[in-house]
Every structure is written in C-alpha cells, then in structure tokens.
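Remarks on the structure that follows.
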2 protein chains.
Amino acid sequence: MKSASALDALSALAHPTRLDAFRRLVRSEPEGLSTGQLVDASGLTQSTFSSHLAILVGAGLVLPEKRGRQMIQRANIEVLRDLMLFLAKDCCEGRAELCEPLVAELSHCC
Amino acid sequence: MKSASALDALSALAHPTRLDAFRRLVRSEPEGLSTGQLVDASGLTQSTFSSHLAILVGAGLVLPEKRGRQMIQRANIEVLRDLMLFLAKDCCEGRAELCEPLVAELSHCC
DNA sequence: GCAATCCATCGATAATTGTCGATGAATGAA
DNA sequence: TTCATTCATCGACAATTATCGATGGATTGC
C-alpha cells in the first residue's frame, strides 16, 4: 500500500460517523448492510451520511453492491489489512523487536 | 483502547506531514529525533510543524523528552499497537477467519 | 402508467483545520 | 551578564470539511 492510499484510509476512518459505520460493516460481514440501515444507525440525515459513505467507498474501505433499489455496503477487509501492514512495516524493517508484541497480541486476539 | 482515543490517533496520522513525521520517528527508534530535525525534514516552518507535532503528542503517539534546550521526540509504539488492535478487534469477535490473513502477513513481515 | 422508496448529487452555510509570521520563555554559550 | 538557539504559543487568514435541505434518477409495487 502506497502512502497516499494509507492516508486516504486513515482520513476516511478519522471521523466518528465513518469509523462507526465501518466497524458496523466489519461486524456485519459477510452480509453487509443497506445504506438506509447505516443512515438510521448514524442518526444523521440521509444526504450527510451519504457524503461520509462516499469517502469510505473512495478510500476502498467499503464496497457497495446494487440490490434492487437499495445499495448493500460491505467492508473491504483487505484494505484494512493493507493499512495495518503499512503502519507496521516501519517497525518491522530491521527492528522486529518493536513488532513482536504487536503480532503476539494479534495472534492471541484472533 | 477506547473509540475516542482511536479517533485521536487516526486523526493525528491522517495528515501527510504528521504521518511522515511519525513514521520517521518509528524508524529512528529508540534514539528519537529532535524537533528541529523533524522540522527540517518536513519542509514547513517551525511554527506550522510545531502545531502538527502537538497533535501527535496529544494523541499519545509521540513522547517528547527535554534534553538541554532541545526536545527529543520518540514514537510511542504502544499506542500504535493499541490502535491496530482496536481496528482488528471487530474482525476478531466471532469471526477470526477475517483476521487470520492479517496475522499471517504480520508474522511473516516481522 | 403512476406513486412510492432508496439513494446520490447539488448548492449554501457553518465549523474546523492548516498555514504563516511574530513573540516570548527557557536553555546553553561566550 | 549578554547573546544566540530551540521551540511553544498567539493571532490572522485561507482552505478544507461537515452539515443540511432540496432535487432528481433508478427501481419496485400497485
């Protein structure tokens, strides 16, 4: 993952509404949620939430699928993984000792 | 890590100048870098960079230490680890299959 | 065909963020 | 003591972001 893509993903997640929506989508994998369900959960107006959703989609973190007249939104775990690898990479290069506790906790968590 | 702290960390990293400075500090562990060195690397004015640095410090991602008349800045890997665990946690809860490839790649990388 | 539903886009406004130069406090050197 | 260096803070301004209501396209159901 390039630095620019990582920045897009970080910026997309750096907002309460978008972070909440993304986590909700991760938890709802693999079924996903409709835009309307996400709007309801956000408490914002439909148009405001739509602009937030567009930012998540633009960053590749959310993949929309058309289903009838609604859009089903799904989290793109791959991009999340790429982002985490991007962040971890600096520790790893020549200094694995910084990364080991991270891997240990992640292994334990999953 | 609470959602609010994760948002602070994400917001802090969601800016080219700050992401670059933080990664530079991670790579320079455990010696750290002086504020002046970071300013030079950023290409911004001292005051502008100082406000960015304050955001990283406020998020806990950077720990300043006074040394004479300069400040030595060091990356706080723990907060990075907490952030990554926060992001991974949603995958892990009841759906480890989403997280496994992430752990696998991280283990391989480190 | 017609009305209703779902959702993206537009335009306007308010709020936040980024940037800079200037100032000043703290420290070390002469 | 006096001067230079390092860096945080202040105030101002520009740029970006967040929010909303309104509009309109696409689709489904009647």
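What you are looking at is a predicted structure, and each value in this text was computed from that prediction instead of being measured. Residue numbers begin at 1 in each chain, while the letters A, B, ... track the order of the sequences.
Each of A/L44 and B/S50 lies near DNA chain D, and the nucleotide nearest B/S50 is the one positioned closer to the 5' end. When each of A/R67 and A/A14 is assigned the nucleotide of DNA chain D bearing its nearest heavy atom, the one mapping closer to the 5' terminus is A/A14. Looking at which nucleotide of DNA chain C each of A/A54 and A/R69 is closest to, the 5′-most match is held by A/R69.
Using a distance-only test at 3.5 Å, with no hydrogens or angles considered, a donor-acceptor pair links the side chain of B/S51 to the main chain of B/T48.
Residue contacts shown for A/S51 include a base, since a base heavy atom lies under 4.0 Å away. Across all strands, B/Q46 comes closer than 4.0 Å to base atoms (heavy-atom distances).
Running 5' to 3' along DNA chain C, contacts with non-hydrogen atoms of chain A at under 4.0 Å begin and end at C/dA4 to C/dT9.
Each of D/dT5, D/dC20, D/dC7 was ranked by its minimum atom distance to the side chain of A/S47; first place goes to D/dC20. Among the nucleotides D/dA8, D/dA22, D/dC20, the one closest to the side chain of A/T48 is D/dC20.
In summary, the side chains of B/S50 and B/S47 do not present any donor paired with an acceptor at a separation below 3.5 Å, with no hydrogens or angles considered. No side-chain donor-acceptor contact under 3.5 Å links B/S34 and B/Q73.
With sequence neighbours excluded, the residues satisfying salt bridge (Lys or Arg N to Asp or Glu O under 4.0 Å) with B/R27 are A/D90.
Here the C1' atom of nucleotide D/dG21 and the CZ atom of A/F49 are 18 Å apart, to the nearest Å. Atoms NE2 (A/H15) and C1' (D/dA18) sit 6 Å apart, rounded to a whole Å. To the nearest angstrom, C1' of D/dG29 lies 14 Å from CD of A/Q70. Between the CD1 atom of B/I72 and the C1' atom of D/dT6 there is a distance of 11 Å, rounded to whole Å. Between B/K66 atom NZ and D/dC7 atom C1' the separation is 9 Å, expressed in whole Å. Rounding to whole angstrom units, CG of residue A/L53 and C1' of D/dT17 are separated by 17 Å.
Note on A/T45: a side-chain N or O is less than 4.0 Å away from OP1 or OP2 of D/dC20.
A distance of 11.5 Å separates CE of A/M71 from CG of A/L38, quoted to the nearest 0.5 Å.
Two residues are said to be in side-chain contact when any heavy atoms from C-beta on lie closer than 4.5 Å; A/M1 and A/V79 meet this criterion. Residues A/S28 and A/R74 are not in side-chain contact: their nearest non-hydrogen atoms beyond the backbone lie 4.5 Å or more apart.
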